[in-house]
2 protein chains.
Amino acid sequence: MKRKVTLKQIAKELDVSVSTVSKALRNSKEISLDTRSKVQAFAKLYNYRPNNIALSLKNKRTKTIGVIIPEIVHHFFSKVISGIEKEANNRGYNVIIGLSNESFDKEVINIEMLANGSIDGFILSVAKETLLLQDYHHFYETINQGMPIVMFDRVVNEIACDKVVVDDKLGSKKAVAKLIDSGCENIALITTKDYVNVGKLRTQGYLEALEEHKITPKSSLIIKVEENKDKEIEIETLEKEISALLDKEKSIDGIFAVNELYAITAMKIAINKGYKIPENMSIVAFTDGVLSKHAIPSLSTISQHAVEMGEKSATMLIDKLEELVDEEKYQTEVINTTLIERDTTR
Amino acid sequence: MKRKVTLKQIAKELDVSVSTVSKALRNSKEISLDTRSKVQAFAKLYNYRPNNIALSLKNKRTKTIGVIIPEIVHHFFSKVISGIEKEANNRGYNVIIGLSNESFDKEVINIEMLANGSIDGFILSVAKETLLLQDYHHFYETINQGMPIVMFDRVVNEIACDKVVVDDKLGSKKAVAKLIDSGCENIALITTKDYVNVGKLRTQGYLEALEEHKITPKSSLIIKVEENKDKEIEIETLEKEISALLDKEKSIDGIFAVNELYAITAMKIAINKGYKIPENMSIVAFTDGVLSKHAIPSLSTISQHAVEMGEKSATMLIDKLEELVDEEKYQTEVINTTLIERDTTR
DNA sequence: TTGTAAGCGTTATCAC
DNA sequence: GTGATAACGCTTACAA
């Protein structure tokens, strides 16, 4: 086993000084061509690679980005990460991942763990619990220490930092408009409670779309799901609510759900109840993922372009780190949504 | 903006030496109680946190694990990561992610990037291209430098390192046995080409299960999918093959597919052709994921316990890093598979 | 009880 | 053209 070789060892072996080796390897013309080639040959032979940690300490930058997300077993977030990773790697950065599991404490711990020199900046999406508690001290502290943050998707408006978001309201409007255009007149909404920002915005989009088309929203057509750590329970509860809704409101001919899973759940129940999709029931979901694509029938969705969100977040962060952009100026990038028409709409 | 405070600054401020501060913070009783509390109070006030990079350099360990996987937008891999992350965090380690995108070059680059001091050890699943090229020099070099590797799922048998695998053959046998037990007599197999190890093993399991039940395998019932970087094309091609197969072999009453997507694809076509599932067509997939769970009807699968694989991998790596286990002794952990019976089997 | 100095691996500055 | 030295932030053996 040959341990990693260091400058010191090369210097000793070749009987020159460490600084000579260092310069020779960077091909400095301070050093004679003779020495240079000798050193370089030796380094190559022993497969010398500079130690990143030493470089980080010296340069006060690690060339790595910290990413904190609520969960990773989630199509949207893993897509965002793949976007971040792609852009980061292109620009010579590594990516270190922390999971908050939607917990405030884990988010704080993860941030503290990474903020002590391990990374140059954060890209993150805020945990639900944090949003609920509205305790943002860890973000403020990080920013105060001069470490830049880019928030994506679940952002905190009042914090001064770069942000990458989707136009949730507009996305919803597109979805609902599609349903209306294809002839739906009684469109149900399946959304989350309002404290999750995106749920709130998507609900607004639904309402506005109806109003713009002179349709009076009826609260009896809206289900607001209480989220549960145990998804099974959440979905079971939702199933009952949907079933009751469809039994009571026979006129429903369209459903807009704020995420794939709610939409799939609704579709399953509708199919069981004998609805023909999309003939007498159309469905659109926010958030495009594998589930929608491979469902039978495949679901029409609003795509959030997650990969693009990741890329954009990384670009913004790295630009700031490399001072290509004014340190004090914060931007909010809005990523477009697109309607993907598949088999649940006419 | 208050930049991060260092030992040096505290020392200067309090007019003591750096080492006194260092010791005081670690509550060494070498230092007078008076000084200790003074230093600790000051450190607390200024929210002092030791710089991880400096510690890493000093200790020659970073307390971070490098994970290299083929893709992250993939239920199995993201589950494994969540397992790794959980165990790593419990033991005070961070996780840094590299994606190979199934490419040999990207795998090599990622490993080289991280192997230069950034991490203490690797957990990885080998890229398909690497498997195909059978060029493993980057693994050998890493191990030679004294950096431990744990391979999971897609492993290279000939490399001496710890491994965590699933018993693919046995898992397949369970799946096929289930089909046979529930009355299927003509079971089709949808698998990958043999160079992907898991595809090969799963095929073997299928064959053995048939033989053990005195059923003669028929090659006409087997589809070997040519994988394609463009999944769309891969699936389109597969759709045609399945359709042709079902048209030709009317007696098929069961399908075993080596992954979810192949199974879903088969199911879609079978449904279109008027088969009733599971009444006259049963389906089981290897690999449990969201797709299976939420498909309509929901798919019976063989679960690989991905989270457990991740946890186990992390445990093995960290045990080795912390020398709780013999450095020279390599183990292969086999994770059990379980049959999850849902609505596509009787 | 406190401080000095060396060392982790690297690079930049300056002296020879 | 080469090398000694200091510095990045921290710990620790040893000296005072």
Side-chain angles (χ1 to χ4, degrees), chain A residues 2-40 42-43 46-64 114-120 145-147, chain B residues 3-40 42-43 46-64 113-120 145-147:
Chain A
K2 43 173 189 184
R3 288 236 157 238
K4 293 242 70 172
V5 59
T6 68
L7 287 190
K8 206 189 208 175
Q9 290 161 29
I10 299 183
K12 195 166 152 199
E13 211 65 43
L14 262 42
D15 208 38
V16 289
S17 78
V18 171
S19 53
T20 302
V21 177
S22 174
K23 286 170 190 162
L25 287 176
R26 340 193 80 236
N27 224 338
S28 156
K29 41 195 154 352
E30 261 185 78
I31 306 296
S32 72
L33 230 145
D34 205 47
T35 326
R36 261 189 275 167
S37 44
K38 205 168 56 187
V39 170
Q40 287 171 7
F42 191 92
Y46 281 86
N47 197 24
Y48 169 79
R49 293 275 182 282
N51 179 308
N52 284 332
I53 295 292
L55 287 179
S56 294
L57 184 58
K58 179 120 248 288
N59 301 331
K60 306 254 228 161
R61 58 210 301 263
T62 60
K63 286 255 193 180
T64 105
L114 296 180
N116 301 308
S118 304
I119 59 153
D120 297 338
Q145 281 173 13
M147 178 161 298
Chain B
R3 288 237 156 237
K4 294 242 70 174
V5 59
T6 68
L7 286 191
K8 207 189 207 175
Q9 290 162 29
I10 300 183
K12 195 166 153 198
E13 212 65 42
L14 261 42
D15 208 39
V16 290
S17 79
V18 171
S19 61
T20 303
V21 177
S22 173
K23 287 170 190 163
L25 287 176
R26 339 192 83 236
N27 224 338
S28 155
K29 42 197 155 349
E30 262 184 73
I31 307 296
S32 72
L33 230 146
D34 205 46
T35 326
R36 260 189 275 168
S37 44
K38 205 167 57 185
V39 170
Q40 288 172 7
F42 191 92
Y46 281 86
N47 197 23
Y48 169 79
R49 292 277 182 281
N51 179 308
N52 283 332
I53 295 293
L55 287 180
S56 295
L57 185 58
K58 178 118 250 285
N59 301 331
K60 307 254 228 162
R61 58 211 300 262
T62 59
K63 285 248 186 185
T64 105
M113 225 171 150
L114 296 179
N116 301 308
S118 305
I119 59 154
D120 297 339
Q145 282 172 12
M147 179 160 297

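Chain A is the first sequence line, chain B the second, and so forth, proteins listed ahead of strands; every chain is numbered from 1. These numbers come from a predicted model, not from an experiment.
Residue contacts for Ser56(A): at a heavy-atom cut-off of 4.0 Å it reaches no nucleic acid atom on any strand shown. The residue Val16(A) sits close only to the backbone: its heavy atoms come under 4.0 Å of sugar-phosphate atoms, none of a base. As judged by a 4.0 angstrom heavy-atom cut-off over every strand, Ile31(A) is placed among the base-contacting residues. Nucleic acid contact for Lys8(B): sugar-phosphate only, since backbone atoms but no base atoms lie under 4.0 Å from a heavy atom of the residue.
For Leu55(B), taking side-chain heavy atoms from C-beta onward, the closest of the listed nucleotides dC14(C), dC10(D), dG9(C) is dC10(D). Which of dC14(D), dG1(D), dC10(D) sits closest to the side chain of Thr6(B) comes down to dC10(D). Closest approach to the Leu57(B) side chain among dG9(C), dG3(C), dT11(D) is made by dG9(C) (side chain taken as heavy atoms from C-beta onward). Residue Ser22(B) places its side chain closer to dT11(D) than to any other of dC14(C), dC10(D), dT11(D). Closest approach to the Arg26(B) side chain among dT12(D), dA4(D), dG9(C) is made by dT12(D) (side chain taken as heavy atoms from C-beta onward). Among dT12(D), dC10(D), dT1(C), the nucleotide with an atom closest to any side-chain atom of Ala54(B) is dC10(D).
Atom C1' of nucleotide dG9(D) and atom NZ of Lys12(B) are separated by 15 Å, given to the nearest angstrom. dC10(D) atom P lies 12 Å from atom CZ of Arg49(B), rounded to whole Å. Here dT10(C) presents its P atom at 10 Å from CG of Asn52(A), a figure rounded to the nearest Å. One atom, CG of Leu7(A), and another, P of dA4(D), lie 15 Å apart when rounded to the nearest Å. Remark: P of dA7(D) and CG of Asn51(B) are 18 Å apart, rounded to the nearest angstrom. Summarising the geometry, the separation between CD1 on Ile10(B) and P on dG9(D) is reported as 12 Å, rounded to the nearest angstrom. For the pair Lys63(B) NZ and dC8(C) P, the interatomic distance rounds to 22 Å; values are reported in whole Å. The CZ-C1' distance, from Arg61(A) to dG9(D), rounds to 18 Å in whole Å.
Across all non-hydrogen atoms, the minimal contact from Asn52(A) to Ser118(B) is ND2-OG, 3.0 Å.
The backbone N or O of Ala24(A) sits nowhere less than 3.5 Å from a side-chain atom of Ser28(A) that would complete a donor-acceptor pair.
Atom CD of Glu13(B) and atom NZ of Lys8(B) lie 14.0 Å apart (nearest 0.5 Å). Between atom CD of residue Gln40(A) and atom CD1 of residue Ile10(A) there is a gap of 10.5 Å, rounded to the nearest 0.5 Å.
Taking the nucleotide of DNA chain C with the nearest heavy atom to each of Leu33(B) and Lys58(A), the more 5' of the two is matched to Leu33(B). Comparing Glu30(B) and Asn59(B) against DNA chain C, the residue whose closest nucleotide sits nearer the 5' end is Glu30(B).
Side-chain contact between Gln145(B) and Asn47(A): present, with at least one pair of heavy atoms (C-beta onward) separated by less than 4.5 Å.
In terms of phosphate contacts, Thr20(A) brings a side-chain nitrogen or oxygen within less than 4.0 Å of OP1 or OP2 of dG3(D). For Ser32(A), no side-chain nitrogen or oxygen approaches OP1 or OP2 of dG1(D) to under 4.0 Å. When the side-chain nitrogen and oxygen atoms of Tyr48(B) are compared with OP1 and OP2 of dG9(D), none of them lie within a distance under 4.0 Å.
Between the side chains of Ser22(B) and Ser19(B), no donor N or O sits under 3.5 Å from an acceptor N or O.
Judged by atom type and distance alone, Ser19(B) reaches the base of dT4(C) through a side-chain donor-acceptor pair under 3.5 Å. A donor N or O paired with an acceptor N or O is not found under 3.5 Å between the base of dG7(C) and the side-chain atoms of Lys60(B).
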